[in-house]
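Structure first, then comments.
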Amino acid sequence: MADVRIFSGIQPTGRKHLGNYIGAISQYVEGQDRGEAIYCIVDLHAITVPYDPAELREYLYDTMAILLAAGLDPERCILFRQSDVHEHTELTWLLGSVTAWGDLNRMPQWMEKRAQLESRRGAFISAGLFNYPVLQAADVLAYRATEVPVGDDQRQHIELMRDVARRFNERFGETLVVPEGRFPEVGARVMDLQDPTSRMSTTASSEQGAIYILDEPDAIRGKFGSAVTDSGREIARSDSQEKAGITNLIEITSAARGVAPEEVEKEFEGSGYGDFKAAAAESVVELLTPVRERYAELRPDTAALEQTLAAGAEKAGSIASSTLAEVRERMGVGSPPG
């Protein structure tokens with residue numbers, strides 16, 4: 001195994017926004033140069049909440065085309081669809097035996113999504129939603145990954161999979177690698193432009209509050225122009241909730257430019273919010289335009305996308321099957337080896 005083996009998954013649900021790009025996709029691209037990179041479009045996670053099957057397939061192709069347009073190269077990484085590698089689901093069941101019910105019940109995303117569904121009359125809450133973190137752990141542990149690049153909101157899920165790996169190893173012997181989370185240094189949590197105290201979200205954000213990867217330049221400029229800020233003029237970050245809007249714009253600009261937030265603050269010292277918003281918008285336009293243009297070239301050819309997914313699944317399966325076989329042997333399930 002490579003000294004660094006990287007694994008991360010991305011959901012094929014809804015439109016991908018700037019937070020997805022900064023928090024995950026840009027890290028995926030960078031990871032190709034640091035180690036053995038394995039990336040997965042997690043369609044099995046997407047079915048834990050109400051969904052439309054036809055839309056799911058189209059969203060998966062959308063996501064695949066965005067990942068390729070952003071710079072993922074199937075010659076330099078393994079890129080596949082989760083449901084094409086059956087080892088993920090079997091390993092989920094096996095790891096469930098070393099996952100604490102209480103840990104799952106305390107997961108913030110479980111509590112948040114359950115509350116959202118419970119607020120809708122007659123909404124169905126699936127057991128899959130509750131067990132989601134176990135499948136997520138299986139996704140990573142199947143590849144004995146050393147590193148998981150994710151957004152800041154996934155810290156608790158990383159800790160859970162680390163606990164699962166340690167608990168398995170303590171009970172059945174050293175088998176699974178305990179992974180480390182890798183979080184973006186800047187822009188780790190991109191916030192809603194209209195409600196900068198909440199994360200940018202495909203489902204919860206308003207149309208004006210989220211910057212989508214495929215937004216046209218003028219749409220991006222308009223959203224930045226109407227972004228919520230305070231009544232001040234100083235371009236400086238602050239922990240104060242009142243300054244959450246301008247702090248978010250500074251973080252976004254620094255991430256889009258690949259510079260430290262302090263450099264952004266220094267450059268715009270003495271500038272007004274209007275000028276800064278315009279500059280922030282141009283930074284994001286420059287970041288996303290090449291991706292949008294390349295996406296338009298790739299997305300129509302679903303046959304080519306399927307071919308790439310299948311090739312990636314074959315490579316991924318050869319790794320995951322080895323891990324699953326050892327886990328089964330350690331746990332004493334299935335036919336004995338030999």
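Numbering starts at 1 and runs along the sequence shown.
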Establish whether [X] and [Y] are linked, either directly or via other cluster members, by ILVMFWY side-chain heavy-atom contacts under 4.5 Å.
| X | Y | answer |
| --- | --- | --- |
| Leu298 | Tyr21 | yes |
| Tyr28 | Tyr295 | yes |
| Trp101 | Phe168 | yes |

Q.
Please enumerate all residues that pass side chain to side chain contact (heavy atoms under 4.5 Å, CB included) together with Lys223, with sequence neighbours excluded.
A. Leu193, Glu207, Gln208, Ile211, Tyr212, Asp215

Is a donor on one side and an acceptor on the other found under 3.5 Å between the side chain of [X] and the backbone of [Y]?
| X | Y | answer |
| --- | --- | --- |
| Arg15 | Ile213 | no |
| Thr289 | Glu286 | no |
| Asn20 | His17 | yes |
| Ser8 | Val148 | no |
| Gln32 | Asp73 | yes |
| Thr247 | Ser238 | yes |
| Ser322 | Ile319 | no |

(Q) Go through it in stages, so that I can follow the logic: the residues are Glu282 and Arg257, the test is salt bridge (charged side-chain N to carboxylate O under 4.0 Å, His left out), and I'd like the CA-CA distance, side-chain angles, deciding distance and then a yes or no. (A) CA-CA 10 Å; Glu282 291 310 314; Arg257 294 183 174 188; over 6 Å; no

Q. Is the charged tip of Arg155 near the ring of Phe183: under 6.0 Å from the six-membered ring centre and within 45° of its axis?
A. yes

Q: State, without any angle test, whether Tyr59 and Gln11 hold a side-chain donor-acceptor pair at a distance under 3.5 Å.
A: no

(Q) What I want to check is whether the side chains of Ser83 and Asp43 have a donor and an acceptor closer together than 3.5 Å. (A) yes

Q | Nearest heavy atoms of Ala320 and Val85, plus distance in Å | A | CB-CG1, 4.1 Å

Q: Would you sort out whether Ile10 and Ile25 count as a side-chain contact (heavy atoms from CB on, under 4.5 Å), showing the intermediate values?
A: CA-CA 9 Å; Ile10 187 170; Ile25 297 173; 4.0 Å; yes

Any ion pair linking [Y] and [X] (charged N to carboxylate O, less than 4.0 Å)?
| X | Y | value |
| --- | --- | --- |
| Lys266 | Glu263 | no |
| Glu174 | Arg330 | no |
| Arg167 | Glu170 | no |

Q | Leu249/Phe268 under side-chain contact (heavy atoms from CB on, under 4.5 Å): CA gap, chis, key distance, verdict | A | CA-CA 12 Å; Leu249 295 183; Phe268 291 94; over 6 Å; no

Q | Listed partners of Tyr132 passing ring pair (Phe, Tyr, Trp, His ring centres under 6.0 Å), at least two apart | A | His45

